[in-house]
Number of protein chains: 2
Amino acid sequence: MVTMVEVSQRAGVSTATVSRVLNSPDVVDQKTLQLVQTAISDLGYRPNAVARGLASRSSKTIGVVINRFSSSYYGRMLQGVEEALTSLKFKAIAESSHESAEGEMSAVYSLLDRQCEGIVLHSDMLSDDQLRELFNKQSKIVLMNRLLNGFEDKCVYLDNVRGGTLAADYLIEMGHRDIAILTGPESFFESSDRLDGFLTRVDQSGLNVDQDLIFEGDFRASSGRTAMERIWALGKPVTALFCMNDEMAAGAIDACLERGVSVPKNISILGFDDHEMSRFLHPKLTTIRQPLTEIGAAAGNLAHALARQADHKKNKTVFEAEVVERASVMKIQLNKRSQLGERL
Amino acid sequence: MVTMVEVSQRAGVSTATVSRVLNSPDVVDQKTLQLVQTAISDLGYRPNAVARGLASRSSKTIGVVINRFSSSYYGRMLQGVEEALTSLKFKAIAESSHESAEGEMSAVYSLLDRQCEGIVLHSDMLSDDQLRELFNKQSKIVLMNRLLNGFEDKCVYLDNVRGGTLAADYLIEMGHRDIAILTGPESFFESSDRLDGFLTRVDQSGLNVDQDLIFEGDFRASSGRTAMERIWALGKPVTALFCMNDEMAAGAIDACLERGVSVPKNISILGFDDHEMSRFLHPKLTTIRQPLTEIGAAAGNLAHALARQADHKKNKTVFEAEVVERASVMKIQLNKRSQLGERL
DNA sequence: CTGTTAGCGCGTTCAG
DNA sequence: CTGAACGCGCTAACAG
């Protein structure tokens, strides 16, 4: 490994000067600058980032914790963080939590040990209380796509309650009254928030959702299938199914296709997320879009601001979902409603 | 920040002893061990990984370069690398190349600057010559999912030629003779290798592919649509389309659906990759699967072996694709072949 | 088994 | 504008 010492010797200067041409070239004389620069390129010298970090007590790095890399859901957020930090001349370094609470915690500390100046944490498994404890101890953490009460200024997230409201508004406007709901795991805040928003709006509209038609899924396609089967088993009229993510919606559509039930003619299906694949489903999935990349970018920016004690009040931290209208939800005539439902 | 010095003072020992309880607890006396450990937990001391790396000249870290995080294609490989390294007590740190040759190169060097002990590089944009130059200078790089002649022992990849052969075998066996092909960009080795394998096998079978029916795409869904439109415009009989990735296949299926052309009844479509979404397309896509996660894991293991000068001859480095039979390719009767083709 | 002494490769004073 | 000296937090001999 070629170090600064060798460069300084070849250029006939001190290491301090070499350090200067690296960090503040303008304060060094033109001639010596040239001298050092040619020495650098002659030797193929590359500054050791680890040593620099130690000496300068600044790593210019933000750590990111996500569940796993293999899904485009997390990938899109990570991409956003990375792009934001790159344009701030920071680096992102990501670690996977392997979808466990201990994994999330240990990833945070491992990243902190590496002297990351800030952390962007996506947490599904830690409880609000555990997170609060963590946030009380570590001030440089940003929570990505989740709201932690009491730490609003450290959170960048989608307004899931409004997302649920949006879904309700949309389905109601499309004429649906007999609506089934497929949630994610009960413990997931995304899911419960969306459900809250949805049910509240339904209620406000003077309508209601049959409790028997609220199913708990696990965010995987198979639970979409299961939900459809349960709906059929119940035999109640249902004109629309709201799935809290697109994968479950895909599973539901699949089950319909197999049984010869037409989507959206016989039943409308609404998803959530706007997953990569949603535009390729048949019918193309109408869904509620989360701006994941933007959320990631905002989280990256916030973490950077926090790390550099900059003013972070300017950052947008609450994002709105939006309806992406494709082909899986159909408008139905109110007077034909019950008829349709029964035909199911 | 609490450092070793504070720990040593509180425990009444030297920093060397603190270092020992961290790195080789067995050589230190039980009593002092206890003493130091309580001091550590009392102070909430956490070793600075950067300083450790500098002093020990070992980062226990492998860098990974991929095009982008947002696609599950790269995510699956990254996941494999990460899992393999985690079980070797190494860390993976990933950087995105932003899909450019300079990006790939600078990511490699940035990772090296951070004292990664090895690099796993996925390169689409660098030429073979550029890669050879890089590999000659840097010995600790592993090429993921690409073959570089002359550096076979540094490569972990899918045998794309055999993947192409496999595709040809399958389609021929299913009775297809009038086959169209949609490749990726000409410069991509994946694409040209698969094409080679495909055409060679077709030739060996005494058949041939109409040159007019070989289209160049860009691996994105829209080129699948375009290809279908061109096929229809040509008016030649075609019973099957082989797309060199699943996204293009999805686009092709979509175009068929819109035009009322049934897949696979009117035309069979075969993909490549086994993308996350392929099982949700309609019809479910029959495709050639790449074991991306395993390839990533093998690359991680190889990089680790290289970094630690271990024997890396034992690693499996060439992977085979396999047919995943779903519903988008239909067996056709040879005697009905031309009839079918014309009906298109 | 433990403390002392040197660094790891660099940034950063402070004189000059 | 430049060099000498010191320190970042830790590991690694070497004595004892």
Side-chain angles (χ1 to χ4, degrees), chain A residues 1-40 43-61 89 91 109-117, chain B residues 1-40 43-61 89 91 109-117:
Chain A
M1 162 175 275
V2 28
T3 74
M4 254 174 119
V5 180
E6 301 171 48
V7 175
S8 67
Q9 287 168 348
R10 181 177 244 262
V13 297
S14 72
T15 59
T17 301
V18 178
S19 177
R20 284 193 198 96
V21 337
L22 256 29
N23 301 302
S24 36
D26 35 303
V27 295
V28 32
D29 186 85
Q30 275 299 327
K31 268 184 261 173
T32 50
L33 186 70
Q34 294 279 342
L35 223 57
V36 174
Q37 281 174 337
T38 64
I40 287 178
L43 294 168
Y45 166 73
R46 301 217 114 226
N48 179 327
V50 171
R52 288 180 104 166
L54 184 61
S56 67
R57 297 177 257 328
S58 128
S59 62
K60 302 193 95 183
T61 300
K89 304 212 177 303
K91 294 273 175 191
Y109 279 105
S110 147
L111 257 8
L112 249 18
D113 291 348
R114 285 171 168 252
Q115 308 310 108
C116 289
E117 298 183 42
Chain B
M1 159 174 277
V2 29
T3 73
M4 253 173 119
V5 180
E6 301 172 49
V7 175
S8 68
Q9 287 168 349
R10 180 177 245 262
V13 297
S14 73
T15 59
T17 301
V18 178
S19 176
R20 285 192 198 97
V21 338
L22 256 31
N23 301 304
S24 34
D26 34 301
V27 295
V28 29
D29 185 85
Q30 274 299 326
K31 267 185 263 174
T32 50
L33 186 70
Q34 293 279 342
L35 222 58
V36 174
Q37 281 174 335
T38 64
I40 287 179
L43 295 168
Y45 166 72
R46 300 218 112 227
N48 179 327
V50 171
R52 287 179 106 166
L54 184 60
S56 67
R57 295 175 261 319
S58 128
S59 63
K60 301 193 97 184
T61 300
K89 304 210 177 305
K91 294 273 175 192
Y109 279 105
S110 148
L111 257 8
L112 250 18
D113 291 349
R114 285 171 166 253
Q115 307 312 109
C116 288
E117 297 183 43

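The sequence lines fix the lettering, A, B, ..., with proteins before strands; numbering per chain opens at 1. Heavy atoms only: backbone and side chains are in, while hydrogens, waters and symmetry mates are out.
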Integer-rounded Å distance: [N] [atom2] and [X] [atom1]:
X	N	atom1	atom2	value
B:Arg46	D:dC10	CZ	P	12 Å
B:Asn48	D:dC8	CG	C1'	9 Å
B:Gln9	C:dG3	CD	C1'	15 Å
B:Arg114	C:dC10	CZ	C1'	16 Å
A:Arg57	C:dG11	CZ	C1'	8 Å
B:Gln115	D:dC10	CD	P	18 Å

Practice task
Measure from the side chain of A:Leu54, starting at C-beta and using heavy atoms only, and say which of D:dC8, D:dT11, C:dG11 lies closest.
Solution key: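 Closest nucleotide to the A:Leu54 side chain: D:dC8.
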Which heavy atom of [X] sits nearest to which heavy atom of [Y], and what is that distance?
X	Y	result
B:Arg114	A:Val50	O-CG2, 3.5 Å
B:Pro47	B:Leu22	CG-CD2, 4.0 Å
A:Ser59	A:Glu117	N-OE2, 2.9 Å

Practice task
Measure the angle between the two terminal helix axes of the helix from C:dC1-D:dG16 to C:dG16-D:dC1, five base pairs each, and quote it to 10°.
Solution key: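 Rounded to the nearest 10 degrees, the bend comes out at 40°.
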Practice task
Go through the steps for A:Arg46 and B:Leu112 under the test side-chain contact (heavy atoms from CB on, under 4.5 Å), then give the verdict.
Solution key: CA-CA 9 Å; A:Arg46 301 217 114 226; B:Leu112 250 18; over 6 Å; no
Practice task
For the pair A:Arg57 (side chain) and A:Ala55 (backbone), establish whether a donor and an acceptor sit closer than 3.5 Å, ignoring hydrogens and angles.
Solution key: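 Yes.
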Problem - Of residues 1-8 of chain A, the positions that come close to DNA chain D - non-hydrogen atoms, cut-off under 4.0 Å - result: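 Here the set is empty: none.
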Completion exercise
Contact string for nucleotides 1-7 of chain D, one letter per nucleotide 5' to 3', B = base within protein heavy-atom range under 4.0 Å, S = sugar-phosphate only, - = neither, reads SBBB--B
Handout entry: Side-chain N or O of A:Ser19 closer than 4.0 Å to phosphate OP1/OP2 of C:dG11
Key =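 Yes, A:Ser19 has a side-chain N/O under 4.0 Å of OP1/OP2 on C:dG11.
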Exercise for the section: Going by the side-chain contact (heavy atoms from CB on, under 4.5 Å) test, name the single residue among B:Val18, B:Val21, B:Val28 that passes it with B:Val13. Expected result: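 Testing B:Val13 for a side-chain contact (heavy atoms from CB on, under 4.5 Å) against B:Val18, B:Val21, B:Val28 leaves exactly one candidate, B:Val18.
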